[in-house]
Amino acid sequence: MTGFIDVADILKGDNEDGAEVKVRGWIYTSRSSGGIQFLELRDGSGVIQCTLNKRNIDAETFSRVEKLPLETALEMKGKVKEDNRAPGGWEIRVNEIGNVYESKLDYPIVKKEQGIEFLMDNRHLYIREPKLQNIFQIRAKFLQAARDWFKENGYTEVQTPMFMTASVEGGSTLFSVEYFERKGVYLSQSWQLYAEALISSLGKIYTIAPSFRAEPSRTRRHLSEFLHMELEEPWSTLSDIQNSGDRLVCHMANTLAEVMPEKVKAVGRDPDYLASLKAPFPKITYDEAVEIVQSKNIEMFWGDDFGWQQEGPLTEEFETPFWVVGYPSGIKPFYHMPDPKRAEVTLSSDLLAPEGYGEIIGGGQRVHNYEQLYQRTLDDGLDPANYAWYMDLRKWGTVPHSGFGLGVERVLMWMLKLDHIRDTVPFPRDMRRVYP
RNA sequence: GCCGCCAUAGCUCAGCUCGGUAGAGCGUCUGCCUGUUAAGCAGUUGGUCAACGGUUCAAUUCCGUUUGGCGGCGCCA
């Protein structure tokens, strides 16, 4: 057989009722009722019900197909019919079978409830489930929408090394690697130090790359390997970078709602919500955030970072993402620029997603003055000698600049209203899981 | 890293409190069924009770250790 079409095209109504089509895919479910059987066929694009009726097909083919195990791959020819008895509203009345790639028996994934441990051990098969298929397709569109936005706004994409010798975030969360004979080589936690060097070469830049954090975090919002979308701009202040974040996030949300609303809905998020998001997002100061938390009778002192006890209730006050601006110096890394009007806080800002999802972007304005950065490094208990090339950047043509990092999986988790980050990625890596 | 919980058939679980070598549903398989939606009906198959050690005449059951996992905390995107 040749000339196969995508299931997605049939479900969109691209083919007239009664048109003859050829499809190929994997048997997702099958039900037989004597003279008629129903196969749900899954190809890369969607799932469609195929019916085989003894009146329309020879008995040998009928009984052969009836015996095929789940996940058998096969080619079929038949007539498209609009029929509200079929899931998805369309089905194919099959009249001919092409090549068949028969499965083994006992495909382990069944349509009954199964435990998370088992499903994660069989992740290499479970990723075939239509819900995950939808999420991964949305994820791909999400990344494409981001790249479109960066292109339209004059950013250059650039990659930086995954092997590094300096820490961006805290040193305790570094993954150490064996790098030939050399000690002190780690997997990247962020591109930021390299990004600050590259803005003097390329101007506005972004990257989409993995970051690795050895945080021993057992929560539904942590991965040890996550996709990091980071952006760095010269001649940019805190409010400039917030503006970029607002527009980027809204563009991605609006695009998903516009381009694949049915998939968004199938996964669990009302696409109208994503369509309704508009820049700019609300801003509150760190001080105001502390007051809100305290007004809910939750313990918090000025200078503390938000724990889950504080952040959860805070995010329930909002229906869209919102910025918390001006974190205390004590809880932010050395490269954050102190507020010139108020030295105890930094020109930093995190974007928190509503509904308890929490932090999805962290960033702010960087220190661009050499002496100030040197002092901040010492204040943070670090040795400036370990950051020699990074300090160098402040000697020649240093300008105000800002940037942020966005956790792709965190944003997807919120946009798709998922209850665990693990399903935003095919093979999640966390402190307990590196297989399959 | 800390706190809590879990591990029995391919899967989801019951049995353990009060010790005497195991049971259901689903799946597989065999039939039946011409509109099913996690289809239905009948029959069939299927287990070194996570591993190691202890107590005991006897341990899936009680105790300890280990391994793996799940949920949460702290920390972060």
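Remember, it's a predicted structure, so these values are computed and weren't measured experimentally. Residue numbers start from 1 in every chain, and the chains themselves are labelled A, B, ... in the order their sequence lines are given, proteins ahead of strands.
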Worksheet item: Any Lys/Arg nitrogen of A:D6 or A:K12 sitting under 4.0 Å from an Asp/Glu carboxylate oxygen of the other?
Response: no
Worksheet item: Can A:F38 be called stacked on B:G35 when the rule is centres closer than 5.5 Å and an angle between planes below 30°?
Response: no
Item to complete: Please determine, for the side chain of A:N53, which listed nucleotide (B:A77, B:G35, B:U34) has the closest atom?
Response: B:U34
Worksheet item: Do A:Q49 and B:U36 have a side chain to base donor-acceptor pair shorter than 3.5 Å?
Response: yes
Discussion item. Under 3.5 Å for both donor-acceptor distances, Watson-Crick or wobble: does B:G1 have a partner, and if so which one?
Written reply: B:C73
Practice prompt. Taking A:D43 for its side chain and A:W26 for its backbone only, find out whether a donor-acceptor pair lies under 3.5 Å.
Written response: no
Discussion item. At less than 3.5 Å, do the side-chain atoms of A:R218 and the base atoms of B:C3 form a donor-acceptor pair?
Written reply: no
Practice prompt. Map A:T29 and A:E409 onto RNA chain B by nearest heavy atom, then report which one ends up closer to the 5' terminus.
Written response: A:T29
Worksheet item: Is the backbone N or O of A:E82 less than 3.5 Å from a side-chain atom of A:D17, with the two atoms forming a donor-acceptor pair by type?
Response: yes
Fill in: Complementary nucleotide of B:U61, counting Watson-Crick and G-U pairs under 3.5 Å
none
Item to complete: Look at A:R342 together with A:D287 and state whether they make a salt bridge at an N to O cut-off of under 4.0 Å.
Response: yes
Fill in: Pair A:T377-A:D380, side-chain donor/acceptor within less than 3.5 Å
no
Item to complete: Please tell me which of the listed nucleotides, B:G71, B:C76, B:G27, lies nearest to the side chain of A:V110?
Response: B:G27
Discussion item. Under 4.0 Å, counting only non-hydrogen atoms across every strand here, what does A:P87 touch: a base, just sugar-phosphate, or nothing?
Written reply: base
Item to complete: For the side chain of A:R221, starting at C-beta, report the closest nucleotide among B:C76, B:G35, B:G71.
Response: B:C76
Worksheet item: Looking at the side chain of A:S33, which of B:A77, B:G1, B:U34 is the nearest nucleotide?
Response: B:U34
Worksheet item: Has the side chain of A:R220 got a donor or acceptor atom sitting under 3.5 Å from an opposite partner on the base of B:G72?
Response: no
Worksheet, complete the sentence: When rounded to whole Å, the CG to C1' distance for the pair A:L248 and B:A77 reads 14 Å
Worksheet item: Has the side chain of A:Q114 got a donor or acceptor atom sitting under 3.5 Å from an opposite partner on the base of B:G10?
Response: no
Discussion item. Expressed as a whole number of angstroms, how long is the span from A:L352:CG to B:C76:C1'?
Written reply: 12 Å
Worksheet item: Do the side chain of A:T173 and the base of B:C76 come within less than 3.5 angstrom through a donor-acceptor pair of N or O atoms?
Response: no
Worksheet entry | Length of the line joining A:I109:CD1 and B:G27:P, which is rounded to integer Å | 16 Å
Fill in: Under-4.0 Å side-chain N/O to phosphate OP1/OP2 contact, A:R432 with B:C70
no
Discussion item. Side chain of A:E117, heavy atoms from C-beta onward: which of B:G35, B:G74, B:G69 has the nearest atom to it?
Written reply: B:G69
Discussion item. Should the side chain of A:D106 and the base of B:U28 be counted as holding a donor-acceptor pair, with the cut-off at 3.5 Å?
Written reply: no
Item to complete: With the side chain of A:K111 defined as its heavy atoms from C-beta on, choose the nearest nucleotide among B:G35, B:A38, B:A77.
Response: B:A38
Worksheet item: Closest to the A:E215 side chain: B:G74, B:A77, B:A38?
Response: B:A77
Worksheet item: Which nucleotide in the list B:G74, B:C76, B:U36 gets nearest to the side chain of A:R31?
Response: B:U36
Worksheet item: So what does A:D121 touch, heavy atoms closer than 4.0 Å: a base, only the sugar-phosphate, or nothing?
Response: nothing
Worksheet item: If you pin A:E359 and A:F118 to their nearest nucleotides in RNA chain B, which one's is more 5'?
Response: A:F118
Item to complete: Scan A:L105 against the nucleic acid and name what it touches under 4.0 Å (heavy atoms): base, sugar-phosphate only, or nothing.
Response: sugar-phosphate
Discussion item. For the backbone of A:N53 and the side chain of A:N56, can you confirm whether one donor and one acceptor N or O come within less than 3.5 Å of each other?
Written reply: no
Worksheet item: Among the nucleotides B:C70, B:A77, B:G35, which one has an atom lying closest to any side-chain atom of A:R433?
Response: B:C70
